[in-house]
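This report concerns only the one structure given below.
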Amino acid sequence: MRSPVVPPTGLLTHPRRTLFVLALEFADASAEVGGYEVRAMESWAALAESVRTAAPSSVVLVRAPSDVGGQSVGGLIRATPSVPVVAAASFRLAGAAGVRALIAEGVAEIINSDVLPALAGMVPTLRRAHARPLKRRMEAGLPVWLPEEARTLLRAAADTVVDLGGRTLLAESFGVYVRTVAEKERRTASAPAPAPAGVGARAAGALAAGGA
């Protein structure tokens with residue numbers, strides 16, 4: 001049986017998710033890329049409005065600084081705190097100060113567009129940003145003594161919950177059987193250590209409620 005901590009290479013499946021971009025920034029974007037349904041919005045206002053009601057499994061990709069009206073990436077993040085925002089920026093032009101400013105704004109990931117200019121090449125980074133807002137809030141409330149294996153499982157649970165999945169989806173993400181996940185849940189429930197508090201507990205509870 002494979003370790004539940006290290007996902008098997010090449011066996012992961014990614015549920016279909018929505019990628020929001022600005023049409024003027026990604027004029028050559030196709031309707032689908034890397035399992036994402038691409039929705040190209042005509043204006044920053046349309047992007048902000050669409051993302052405001054988007055599912056947390058979605059992701060936003062914008063160029064920074066924005067080419068559309070000088071809009072603020074930070075303002076978009078504050079308006080849509082549950083959806084990860086990824087910034088594509090030229091590190092050569094932005095410099096260290098510009099990259100630090102993007103990090104301070106709270107972007108989920110930053111893509112160096114000097115190295116990855118095409119949208120297809122940005123897909124792995126978009127996947128890493130998945131559920132990042134939930135993970136950040138969850139990890140902020142985890143106790144320092146929690147082992148890394150437990151943290152890995154909780155991060156995977158956050159991914160699963162955001163995709164509205166249950167034990168089956170979580171098991172698939174690790175390449176193990178559903179009964180392996182159920183056994184891990186039973187061991188965790190019987191452990192003497194206190195359960196994670198706050199958002200972490202809610203994520204784990206939502207996963208268990210999803211069942212198989």
Item to complete: Report the C-alpha distance between Thr80 and Val60 in whole Å, list the side-chain angles of each, state the deciding distance to 0.1 Å, and finish with yes or no for side chain to side chain contact (heavy atoms under 4.5 Å, CB included).
Response: CA-CA 10 Å; Thr80 58; Val60 182; 5.6 Å; no

Worksheet entry | Val73 and Val107, any side-chain heavy atoms less than 4.5 Å apart | yes

Discussion item. Give me the atom names and distance for the closest heavy-atom approach of Ala129 to Ala108.
Written reply: CB-CB, 3.8 Å

Worksheet item: If we only count heavy atoms from C-beta on, is the Val85 to Val51 side-chain gap below 4.5 Å?
Response: no

Discussion item. Check for me, please, whether Val99 and Ile111 land in the same ILVMFWY cluster - side-chain distances under 4.5 Å, paths through other members count.
Written reply: no

Practice prompt. Would you confirm whether Arg151, through its side chain, and Leu146, through its main-chain N or O, come within 3.5 Å as a donor-acceptor pair?
Written response: yes

Worksheet entry | Test: Arg63 cationic atom under 6.0 Å from Phe26 six-membered ring centre, within 45° of axis | yes

Practice prompt. Can you measure from CG (Leu22) to CD (Glu42) and round to the nearest 0.5 angstrom?
Written response: 9.0 Å

Worksheet item: Do Ile103 and Val86 sit in the same hydrophobic cluster, where Ile, Leu, Val, Met, Phe, Trp and Tyr count as joined when their side-chain heavy atoms come under 4.5 Å apart?
Response: no

Worksheet item: Val21 and Val123: same hydrophobic cluster, using ILVMFWY side-chain contacts below 4.5 Å?
Response: yes

Fill in: Heavy-atom closest pair, residues Arg128 and Glu109
CB-OE2, 3.7 Å

Discussion item. Looking at every heavy atom in both Pro81 and Arg78, which two are closest together, and how far apart are they?
Written reply: CD-O, 3.7 Å

Item to complete: Mind listing the closest non-hydrogen atom pair of Ile77 and Glu105 along with its distance?
Response: CD1-O, 3.6 Å

Practice prompt. Show the numbers, then the answer: is there a side chain to side chain contact (heavy atoms under 4.5 Å, CB included) between Arg17 and Val59?
Written response: CA-CA 8 Å; Arg17 300 162 181 165; Val59 62; over 6 Å; no

Worksheet item: Are the side chains of His130 and Ser57 in touch, meaning some heavy atoms are under 4.5 Å apart?
Response: yes

Worksheet item: Are any of the side-chain heavy atoms of Val115 and Phe91 separated by less than 4.5 Å?
Response: no

Worksheet entry | Contacts of type side-chain hydrogen bond (donor to acceptor under 3.5 Å, both in side chains), residue Asp114, not counting sequence neighbours | Ser90

Discussion item. Please check this pair: side chain of Ser58 against backbone of Leu19, looking for a donor-acceptor N/O pair closer than 3.5 Å.
Written reply: no

Worksheet, complete the sentence: Nearest heavy-atom contact between Met122 and Leu116 is CE-O, 3.2 Å

Worksheet item: Linking I/L/V/M/F/W/Y whenever their side-chain heavy atoms sit closer than 4.5 Å, directly or via other members, would Ile110 and Val83 fall into one cluster?
Response: yes

Discussion item. Side chains of Val33 and Leu126, heavy atoms from C-beta outward: is any pair under 4.5 Å?
Written reply: no

Fill in: Phe20 versus Met41, closest heavy-atom pair with distance
CD2-SD, 4.2 Å

